[in-house]
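No hydrogens, no waters, no symmetry mates; every other heavy atom, side chains included, goes into these values. Note on naming: letters A, B, ... go to the chains in the order of the sequence lines (proteins, then strands), and numbering restarts at 1 for each one.
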Protein chains: 2
Amino acid sequence: MSSIQDVATLANVSAATASRALSRPDMVAQPTRERVLHAAQQLGYQPNMLARSLRQRETRTIGVIVTDILNHFHATLAKGVQDAADRHGYTAFLFNTDEDAGKERRALDTLRGHLPQGLIVVPTAHSRENLKLVPNLPIVELDRVTGNPGVTTVTVDNIGGARAATKHLIGLGHTRLGMIVGKQDISTAVERHAGFQQTLEEAGIEYHPELVLPGEHREEDGRHAALRLLSLPAHLRPTALFVGNNEMTVGAVLAARELGLNIPDDLSIVGFDDSRWAQTMTPPITVVAQPAYDLGVLACDHLIAQLGYLQAGHLQSGRARASPARVQLPTQLIVRQSTAPPVCVSTV
Amino acid sequence: MSSIQDVATLANVSAATASRALSRPDMVAQPTRERVLHAAQQLGYQPNMLARSLRQRETRTIGVIVTDILNHFHATLAKGVQDAADRHGYTAFLFNTDEDAGKERRALDTLRGHLPQGLIVVPTAHSRENLKLVPNLPIVELDRVTGNPGVTTVTVDNIGGARAATKHLIGLGHTRLGMIVGKQDISTAVERHAGFQQTLEEAGIEYHPELVLPGEHREEDGRHAALRLLSLPAHLRPTALFVGNNEMTVGAVLAARELGLNIPDDLSIVGFDDSRWAQTMTPPITVVAQPAYDLGVLACDHLIAQLGYLQAGHLQSGRARASPARVQLPTQLIVRQSTAPPVCVSTV
DNA sequence: TTGAAAGCGCTAACAA
DNA sequence: TTGTTAGCGCTTTCAA
C-alpha cells in the first residue's frame, strides 16, 4: 500500500501539497496538481481512512444495526440504508443482533471503537438501556421506537396498517376476529395490537382478549397460537385471523392446513409485511405491505442531514438541537385470496 | 470519548502503562492493573480502533462482499461469515454489489481504504479484473470461483447437486428434460449445467440443446424461459424442468401456472437452493438444498486461519504460501411434491 | 502556492 | 514494573 508520502515523493512535492492536491485541488497550482494526480494514479494510491479519520476526527461512517438480517424486511431496510449512505459518500457498517441484548451490546461496543458519526438502529427490547453505551451519538430509530425522547424515528404507520387490515376483515362480514400478536416489548407489536383493538371497538364488535394470542415473532409461535385459536369450539373459533408479523403468518397458515381448514372459506388470514411466499402460496395471502427500502433510505437521509446540521455548528450555538424528526410512512393493504366473507354456518 | 490518556491520568500512570494494563495485563503489577481497569470502567473507555489499527498495522477486520443481500442465500452466507468473524474477534464489513462491476469496484476501493486483513467475496463476472484492485490481500472466494489460481475457494458441489437432481428426474421416468440455466459467466451456472448434461449422457438420454434455455438469474428470466419451453408442441415439450437457481424457479412455477399446467402431473420441477417459498408453495418444490450458513462460516474460518499462518511469518520464509484450500460442501436433494413420474400421454 | 511541523490516539522499543 | 519517546499516515495550522 503506497502512502501519500510515496505519492509526494514521486511528484516531487511535500506530503502536505500532495494531500491538498487530492483533497482540495483548488489550493494547488494546476501543474503541481496534475503531477500529483498522475503520481497517485500510477501508484494506485488509496488514502488510508484510519489515518485520515484519526486526524480529521471524522470517519464518514455510520453504524447500522438490524435485529435479523435473514428476515427479508430487515435485509431490505439495510440495503436502503447502505445505498443511501453510499450516495452521500458515507460508509455503512452493518451489524446484526438477533434480538439479543448481549449481541446488541457487543455490536454497539465494536461500533463505538470505529467512531461512527451516527447510528441507525432497529431497536430491541433492550436498546433503551444499551444505547446509553453510545452517548452523544446521533441516532435514528428505524421501524421500531424505544420512546427515547431525543432521537429521530422512521417508522411505518402500524396503527393505520392494523386498522386497514381489521376493517377489511370486518367489511367482509367477520365478527369473530382473532389476532396473533408479537411480544408487547417492541413498539410495532403494541401499535398493531392497538390498531386492531380500536377498530373492533369502533365497529361495535366486542374485543375478546382470549382471541388475542401472543407469540415471539417466530414461525413456530404463530403456528402454536393459531393451533390454539383454531381448536376452539366452532361457535367460539375466530373466522378470521390478523397476524402481527411476517414469520408468524407462515406458521398460522401451516396450522390451518394441519387442521384441514380451507383458506379463505373456513378461515380468512391477513398478515403484516409482504413477502415472496405470501405471494406464491396457495392461496396468495392478503397482507399489509411496508415500504421497507424507502424506510431505510429515509432513515439514512435524515441521519446524514442531521450530521450536516450538527457540523454546521448549530450544536454549539445554544442547546437548539434540531428537534428530532418523526417520519412515518403509510402501509398498503394488498388484498389477495386469503380473505373472504365467512361461510354462514352458525347463523342459528 | 475518553482516551487512554484520560484513563492513565485518572489511574495515575503513564499512557503506556494504561495501554499495557488493558491489552497485556500480565505485564503490569496487580495493584496498578486494578487501578487502570477501574479507571477505564469508570470512564466507559473504549479503545479507538482507528488509532490502534494505525499503530499496529493490523485492523482485525475483514471485508465481505456478496452480490445480493436481498437474496436469502446470500444473507445467510453473510450471517455465517459475520458470526464466525465475531467468534474470532474480527469485525466483518459487509458490502453488496448487485452483480454490478462498478459497485464491486467501489466496494473494493472503500474496503481498501479501511485496510481489511482479508476478503471474502462472492465474485461477479468482473471480479477477476476487479480483484486486482486489492493485490496482496488474502482472499476467499465464496459460492462461486473466478479461476484465480492463488485463492482459497469455498463452494458447494454444484455438479453433484445437478447430477442428483437430474438423476432423480430420470429415475422417475422422464426422458425429455429441460433446464433453465444461469448465465454462463459464473461458475455455479456452468457447473450445474455440466452436471445436468453429464447425467443425461450417462443415462443414454440425448442432450437437446434447444431444451436448455439461459436466464440472468431473475424470476422474470425463469418465467420467460419456462414459457418458451412449455409452449413447445406436446411431443417436444419437456415433462420435467431443472432450474439452475432459486429466483428463476419461482418464475418457472408461475409460468406453469399461467399455462394451466399441473405440477407435478403435467410437469415436474426441481429447483436449486431451498427457500421458504419452495417449502410453502402448493405443491412444495423439490430442491437441491445448499448449506449456506456453513459455507459462510467455513469461508471465514479458512480466511482467518490463513491470516494467522501469514502472521506467523511463513510468508517471509520463502515463497511457501499455504497452498490454497479448495473446500467443497455437499448439497442435499430434498424431494417434495413437485416431482413425479410423467403421465404417459405420448406412448403412441 | 508550497513546505515544515505538529498532533489525532494508540502501542512498541528502549531505558530506567 | 514503569515511563519516555517515537511514529503509524494523514491533514492542517503557520510561516515563508
Side-chain angles (χ1 to χ4, degrees), chain A residues 1-37 39-40 43-61 89 91 109-117 311, chain B residues 1-37 39-40 43-61 89 91 109-110 112-117 311 313:
Chain A
M1 273 286 293
S2 42
S3 72
I4 192 118
Q5 184 56 63
D6 299 330
V7 175
T9 306
L10 182 57
N12 252 302
V13 293
S14 70
T17 300
S19 172
R20 280 189 289 252
L22 295 168
S23 312
R24 291 126 99 102
D26 42 314
M27 288 184 68
V28 139
Q30 178 168 349
T32 317
R33 189 189 336 167
E34 282 172 3
R35 275 205 329 280
V36 173
L37 259 49
L43 294 175
Y45 171 71
Q46 179 80 16
N48 180 328
M49 297 313 273
L50 305 174
R52 171 184 284 179
S53 300
L54 186 60
R55 169 67 231 233
Q56 297 194 138
R57 336 200 76 235
E58 154 182 344
T59 55
R60 290 188 86 75
T61 274
T91 301
D109 270 336
T110 303
L111 219 35
R112 198 151 74 102
H114 291 274
L115 308 190
Q117 298 185 240
Q311 258 190 347
Chain B
M1 275 288 293
S2 42
S3 71
I4 191 119
Q5 184 56 64
D6 299 331
V7 175
T9 307
L10 181 58
N12 253 302
V13 292
S14 71
T17 301
S19 171
R20 280 188 291 251
L22 295 167
S23 312
R24 292 129 98 104
D26 41 315
M27 289 185 67
V28 138
Q30 179 168 347
T32 318
R33 190 192 332 166
E34 281 172 6
R35 275 204 331 277
V36 173
L37 258 47
L43 294 174
Y45 170 73
Q46 180 79 17
N48 181 328
M49 297 313 271
L50 306 174
R52 172 183 285 179
S53 300
L54 186 60
R55 171 65 230 233
Q56 298 197 140
R57 337 198 77 235
E58 153 180 344
T59 56
R60 290 189 84 74
T61 274
T91 301
D109 270 336
T110 302
R112 198 150 74 102
H114 290 274
L115 309 190
Q117 298 185 240
Q311 258 190 348

Colleague: Tell me the interatomic distance from L54(B), atom CG, to dA6(D), atom C1', rounded to whole angstroms.
Modeller: 13 Å

Colleague: Would you say S19(B) places a side-chain N or O within less than 4.0 Å of OP1 or OP2 belonging to dC10(C)?
Modeller: no

Colleague: Could you pick out which residue, R35(B) or A51(B), lies toward the 5' side of DNA chain D when each is mapped onto its nearest nucleotide?
Modeller: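 It is R35(B) whose nearest nucleotide is closer to the 5' end.
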
Colleague: Judged by each residue's nearest nucleotide on DNA chain D, which is more toward the 5′ side, L50(A) or Q56(A)?
Modeller: L50(A)

Colleague: Can you measure R60(B) atom CZ to dT11(C) atom P for me and round it to whole angstrom units?
Modeller: 13 Å

Colleague: With respect to the phosphate group of dT2(C), does any side-chain polar atom (N or O) of T32(A) fall under 4.0 Å of OP1 or OP2?
Modeller: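 For dT2(C), OP1 or OP2 has a side-chain N or O of T32(A) closer than 4.0 Å.
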
Colleague: What nucleotide among dT2(C), dG3(D), dA5(C) has an atom nearest to a side-chain atom of A16(A)?
Modeller: dA5(C)

Colleague: Are the side chain of T9(B) and the backbone N or O of Q5(B) linked by a donor-acceptor pair below 3.5 Å?
Modeller: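 Checking the backbone N and O of Q5(B) against the side chain of T9(B), a donor-acceptor pair under 3.5 Å is found.
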
Colleague: Establish whether the base of dG9(D) is bridged to the side chain of R55(B) by a donor-acceptor pair shorter than 3.5 Å.
Modeller: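 Answer is no: no donor-acceptor pair is held.
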
Colleague: Whole-Å distance between dT1(D) P and R24(B) CZ?
Modeller: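 It is 14 Å, rounded to the nearest whole Å.
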
Colleague: Looking only at side-chain N and O atoms, does S14(B) come under 4.0 Å of OP1 or OP2 in dG3(D)?
Modeller: yes

Colleague: Look at the side-chain N and O atoms of S3(A) and state whether any lies under 4.0 Å from the OP1 or OP2 oxygen of dG9(D).
Modeller: no

Colleague: Hey, does the side chain of R57(A) come within less than 4.0 Å of dC8(C)'s phosphate (OP1/OP2), counting only N and O?
Modeller: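 Answer is no, no contact under 4.0 Å.
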
Colleague: Check whether Q117(B) reaches the backbone of T59(B) with its side chain - one donor and one acceptor, N or O, closer than 3.5 Å.
Modeller: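 Judged by distance alone, yes, a pair lies under 3.5 Å.
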
